[in-house]
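Structure first, commentary second.
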Number of protein chains: 2
Amino acid sequence: MSFLYSKSSEYIIRALVYLSNIDKEEYIMIKSISEHTNIPHPFLSKIFQKLAAKKWIISKKGKRGGVKLIADSSKLTLMDIIEWSDGVKDFSQCIFGDRECGDIIPKHDNSVWYPEKQSNCILYDKCNRFKAAIIDFFSNTTISEFKEHNSLFRQ
Amino acid sequence: MSFLYSKSSEYIIRALVYLSNIDKEEYIMIKSISEHTNIPHPFLSKIFQKLAAKKWIISKKGKRGGVKLIADSSKLTLMDIIEWSDGVKDFSQCIFGDRECGDIIPKHDNSVWYPEKQSNCILYDKCNRFKAAIIDFFSNTTISEFKEHNSLFRQ
DNA sequence: GAAATTTAGGATAAAAAAGTCCTCATAAAA
DNA sequence: TTTTATGAGGACTTTTTTATCCTAAATTTC
């Protein structure tokens, strides 16, 4: 299980934050976004193709073309982006193992495993607090919270 | 920047937790560990080669050989393992960008970036709380805390 | 309409991560 | 001493992720 996000997701977040800081009426060239966000241009182009299919942005070909954010950045969370880009994460899984967390325990003779509602995991609470911190941050942080926050970008 | 751990790190944690649950006097076959922890045997062998070089375990070749934990599991933290395996993480970096976090701001005319102690990042506190939760969990969880916690493993 | 510019889309390449295979060295047991 | 078992170590393969390239299509400007 992997909790955090891929490079692609990081790029998407950075690019969308950059776009959300731009006057909505203009189209911005991917090349320009690439330079300001320090994301490789061809790679960013691919990303924007998918973002357009997802309808979080619209694009325009040709002279004075580019891309424009159309999603509501105050509703677009990091979780939305990461799960769409990297795939949905299963926070019920043990972060160290390959099985469900807290619902499998051994019988007393230790011979058979069977499911049980209560957890016998020593780290159950500790892990859950950790997972909760991650879920909380991702789910409750939106692109619009970065508004005017341009220290992420190059001049 | 990537916060969490690779598959290799997950394997190391799972294997060391398994070993820490074993009577210290025995050598345990990597094949057996592999089966109980559901880690591919050849891959786990590679991992144990490195763990032996690191002196967290010792190994013995030949019949009745295997590996044995010699590190103090009550001092061995997840952070120790993850940083050794994946490389040291720089928590001063912005988790969305490629620059320092909270110490670079633009001049008023927006033309030059210069370092500054105070952060102008809107998400500075929020990100720091998030980072702190991760650092706290990794640094303050040791292998010995999983003692007797065998629901991670296969019978 | 022609030229210039910019995204779309498919193919490909490079890098990193994960996983495998084979032979050798070593140790214990027969 | 021979056989068998087991980790060491190097080379190799596969899969995933990240990144690039080239041509076509669309749009604006001249």
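Note on naming: letters A, B, ... go to the chains in the order of the sequence lines (proteins, then strands), and numbering restarts at 1 for each one.
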Toward the 5' end of DNA chain C, which comes first, B/Leu44 or A/Ile28, by nearest nucleotide?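 Mapping each residue to its closest nucleotide by heavy atoms, the 5'-most match is A/Ile28.
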
Is the ring pair A/Tyr5/A/Phe138 parallel, tilted or perpendicular, if the boundaries are 30 and 60 degrees?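 Geometry flag for A/Phe138 against A/Tyr5: tilted rings.
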
Can you label the angle between the A/Trp84 ring and the A/Trp56 ring as parallel, tilted or perpendicular, going by 30° and 60°?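 Perpendicular.
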
For atom [atom1] of [X] and atom [atom2] of [N], their distance in whole Å:
{"X": "A/Gln49", "N": "C/dT6", "atom1": "CD", "atom2": "P", "answer": "17 Å"}
{"X": "A/Ile47", "N": "D/dT20", "atom1": "CD1", "atom2": "P", "answer": "12 Å"}
{"X": "A/Lys61", "N": "D/dT29", "atom1": "NZ", "atom2": "P", "answer": "18 Å"}
{"X": "A/Ile58", "N": "C/dT6", "atom1": "CD1", "atom2": "P", "answer": "17 Å"}
{"X": "A/Lys68", "N": "C/dT6", "atom1": "NZ", "atom2": "C1'", "answer": "16 Å"}
{"X": "A/Lys7", "N": "D/dT16", "atom1": "NZ", "atom2": "C1'", "answer": "16 Å"}
{"X": "B/Ile39", "N": "C/dA18", "atom1": "CD1", "atom2": "C1'", "answer": "13 Å"}
{"X": "B/Ile30", "N": "C/dG19", "atom1": "CD1", "atom2": "C1'", "answer": "15 Å"}

On the side chain of B/Lys60, is there an atom forming a donor-acceptor pair with the base of D/dG7 - under 3.5 Å, no angle test?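 Check fails, no donor-acceptor contact within cut-off.
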
What I want to check is whether an N or O donor and acceptor connect the side chain of A/Lys46 with the base of C/dG10 at under 3.5 Å.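 Indeed, a donor on one side and an acceptor on the other fall under 3.5 Å apart.
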
For [N] and [X] - does any side-chain N or O of the residue sit under 4.0 Å from the phosphate oxygens OP1/OP2?
{"X": "A/Ser8", "N": "D/dT18", "result": "yes"}
{"X": "B/Tyr11", "N": "C/dA18", "result": "no"}
{"X": "B/Ser59", "N": "D/dT6", "result": "no"}
{"X": "B/Arg64", "N": "C/dA27", "result": "no"}

What nucleotide, of C/dA4, C/dG19, D/dA8, holds the atom closest to the side chain of A/Lys63?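 Nearest listed nucleotide: C/dA4.
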
Please determine, for the side chain of B/Phe43, which listed nucleotide (C/dA18, C/dA4, C/dA28) has the closest atom?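 The nucleotide sitting nearest to the side chain is C/dA18.
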
Relative to the 5' end of DNA chain D, which residue comes earlier, A/Gly65 or A/Ser6, by the nucleotide with the nearest heavy atom?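 Nearest nucleotide further toward 5': that of A/Ser6.
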
Is the cationic atom of A/Lys131 (NZ for Lys, CZ for Arg) positioned less than 6.0 Å from the six-membered ring centroid of A/Phe91 and within 45 degrees of its normal?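 No, A/Lys131 does not sit over the ring of A/Phe91.
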
Look at all strands and tell whether A/Pro42 reaches a base, only sugar-phosphate, or nothing, counting heavy atoms closer than 4.0 Å.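 The answer is base, as A/Pro42 lies within the cut-off (heavy atoms under 4.0 Å) of a base atom.
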
Please round to the nearest 0.5 Å and tell me the distance separating atom CG of B/Asp136 and atom CZ of A/Arg129.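 So the CG of B/Asp136 and the CZ of A/Arg129 are separated by 9.0 Å.
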
Side chain to side chain, B/Ile82 and B/Thr77, heavy atoms closer than 4.5 Å: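 No - every pair of side-chain heavy atoms lies 4.5 Å or more apart.
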
